[in-house]
Amino acid sequence: TSDGILGDVVRLGSPQRRGGLSGPEEAGLPRAHPSFQSFLAVPIAASHVYGWLYLADRMGAKEFSEVDEEIAVTLAAQAALAYENSTFYSELQIQAEVLRAAQERYKGIFEGALEGIFQATTKGRLILANPAMAQMLGYPSPRELIDATSELGQQLCADEATLDDLLRILQEGRSLRNFEFQSRRKDGVKVWLACSGRLVRDADGNPLFEGLAQDISERKLAEEKVVS
């Protein structure tokens with residue numbers, strides 16, 4: 001309500017104690033409300049005003065006392081806390097649902113991408129790969145690829161110096177753009193990859209190489225045929 005005493009409670013955010021009221025309308029209540037003489041109202045408020053708590057006609061006294069007001073304020077504070085907890089819980093549920101949906105979308109993009117997506121330490125240890133990356137290098141699953149490739153320079157790069165060149169570019173603060181190199185599949189067959197990536201930091205501040213890879217072996221083979 002925006003009228004009467006209850007309106008003052010909401011606007012001012014403070015308790016209101018009155019006596020000798022002419023009718024319920026003076027308090028901001030409907031005319032059909034039972035009449036009363038004394039009135040006490042306190043806001044139910046925390047981060048904002050949720051509503052109000054009111055008492056009418058103090059039994060055994062003409063008006064409500066300061067002690068009555070303190071008791072009402074305490075009760076209203078408990079009600080406000082319950083509202084806050086309920087609202088906070090609802091907001092947490094919404095945020096969790098939004099996060100879950102975002103994770104599902106990311107998972108779908110990550111697992112369904114045609115390009116290889118990977119993450120590795122600056123020492124060359126692969127820590128994350130998607131199905132396309134594993135398939136590109138002849139492994140049945142990303143887990144088998146990660147478990148089998150503790151050292152990128154030795155196991156994925158046909159030329160061990162390639163990883164040094166790649167990391168040097170990243171450590172200079174530059175991003176990779178279609179960096180072409182030969183890699184080695186699980187069966188030992190060499191394939192050409194084009195890699196784009198950047199240096200990122202994990203939650204602990206450790207540098208990680210994050211990138212995308214494409215198999216360009218067919219293009220390289222076609223170029224060699226043209227040259228020859």
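Please read all numbers here as calculations on a predicted model, not as lab measurements. Counting from 1, the numbers follow the sequence of the chain as shown.
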Residue [X] excluded, over 12 heavy atoms near [atom1] under 6.0 Å:
X      : atom1 : answer
Arg31  : CZ    : no
Arg198 : CZ    : no
Glu218 : CD    : no
Glu115 : CD    : yes
Glu66  : CD    : no

When rounded to the nearest 0.5 angstrom, what is the spacing between [atom1] in [X] and [atom2] in [Y]?
X      : Y      : atom1 : atom2 : answer
Leu137 : Glu144 : CG    : CD    : 13.0 Å
Tyr54  : Leu29  : OH    : CG    : 4.5 Å
Asp57  : Leu21  : CG    : CG    : 9.5 Å
Leu81  : Ile44  : CG    : CD1   : 12.0 Å
Leu193 : Ser217 : CG    : OG    : 6.5 Å
Tyr139 : Arg185 : OH    : CZ    : 9.5 Å

How about [X] and [Y]: do any of their side-chain heavy atoms sit closer than 4.5 Å?
X      : Y      : result
Lys62  : Arg58  : no
Met133 : Ile117 : no
Pro30  : Pro24  : no
Val200 : Gln119 : yes
Lys186 : Pro140 : yes
Phe118 : Leu145 : no
Thr121 : Asn206 : no
Leu40  : Arg17  : yes

**Asked** Shortest non-hydrogen contact from Pro142 to Ala129?
**Response**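 The pair with the smallest heavy-atom distance is CB-O, 3.3 Å.
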**Message:** Ignoring hydrogens, what is the shortest heavy-atom contact between Glu180 and Trp192? Give both atom names and the distance.
**Reply:**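 Closest approach of Glu180 to Trp192, heavy atoms only: C-CZ3, 4.1 Å.
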Should [X] and [Y] be counted in the same cluster of Ile, Leu, Val, Met, Phe, Trp and Tyr side chains packed under 4.5 Å apart?
X      : Y      : answer
Leu6   : Phe64  : no
Ile5   : Leu55  : no
Leu212 : Val191 : no
Val67  : Leu53  : yes
Ile216 : Met136 : no

**Message:** Between Glu97 and Arg100 (salt bridge meaning N to carboxylate O under 4.0 Å), is one present in this structure?
**Reply:**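 A salt bridge links Glu97 with Arg100.
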Check the angle between the aromatic planes of [X] and [Y] and answer parallel, tilted or perpendicular using the 30° and 60° thresholds.
X      : Y      : value
Tyr50  : Tyr83  : parallel
Tyr106 : Phe110 : parallel
Phe36  : Phe39  : parallel

**Request:** Check each of Val9, Val42, Asp8 against Pro15 using the side chain to side chain contact (heavy atoms under 4.5 Å, CB included) test, and report the only one that passes.
**Result:**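 The residue from Val9, Val42, Asp8 that satisfies side chain to side chain contact (heavy atoms under 4.5 Å, CB included) with Pro15 turns out to be Val42.
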**Prompt:** Under the 3.5 angstrom rule, does the side chain of Ser35 hit a backbone N or O of Gly23 as a donor-acceptor pair?
**Reply:**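 No; judged by distance alone, with no hydrogens or angles, the pair does not exist.
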**Verdict with supporting geometry, Lys220 and Glu224, salt bridge (charged side-chain N to carboxylate O under 4.0 Å, His left out)** = CA-CA 6 Å; Lys220 282 292 188 180; Glu224 289 176 4; over 6 Å; no
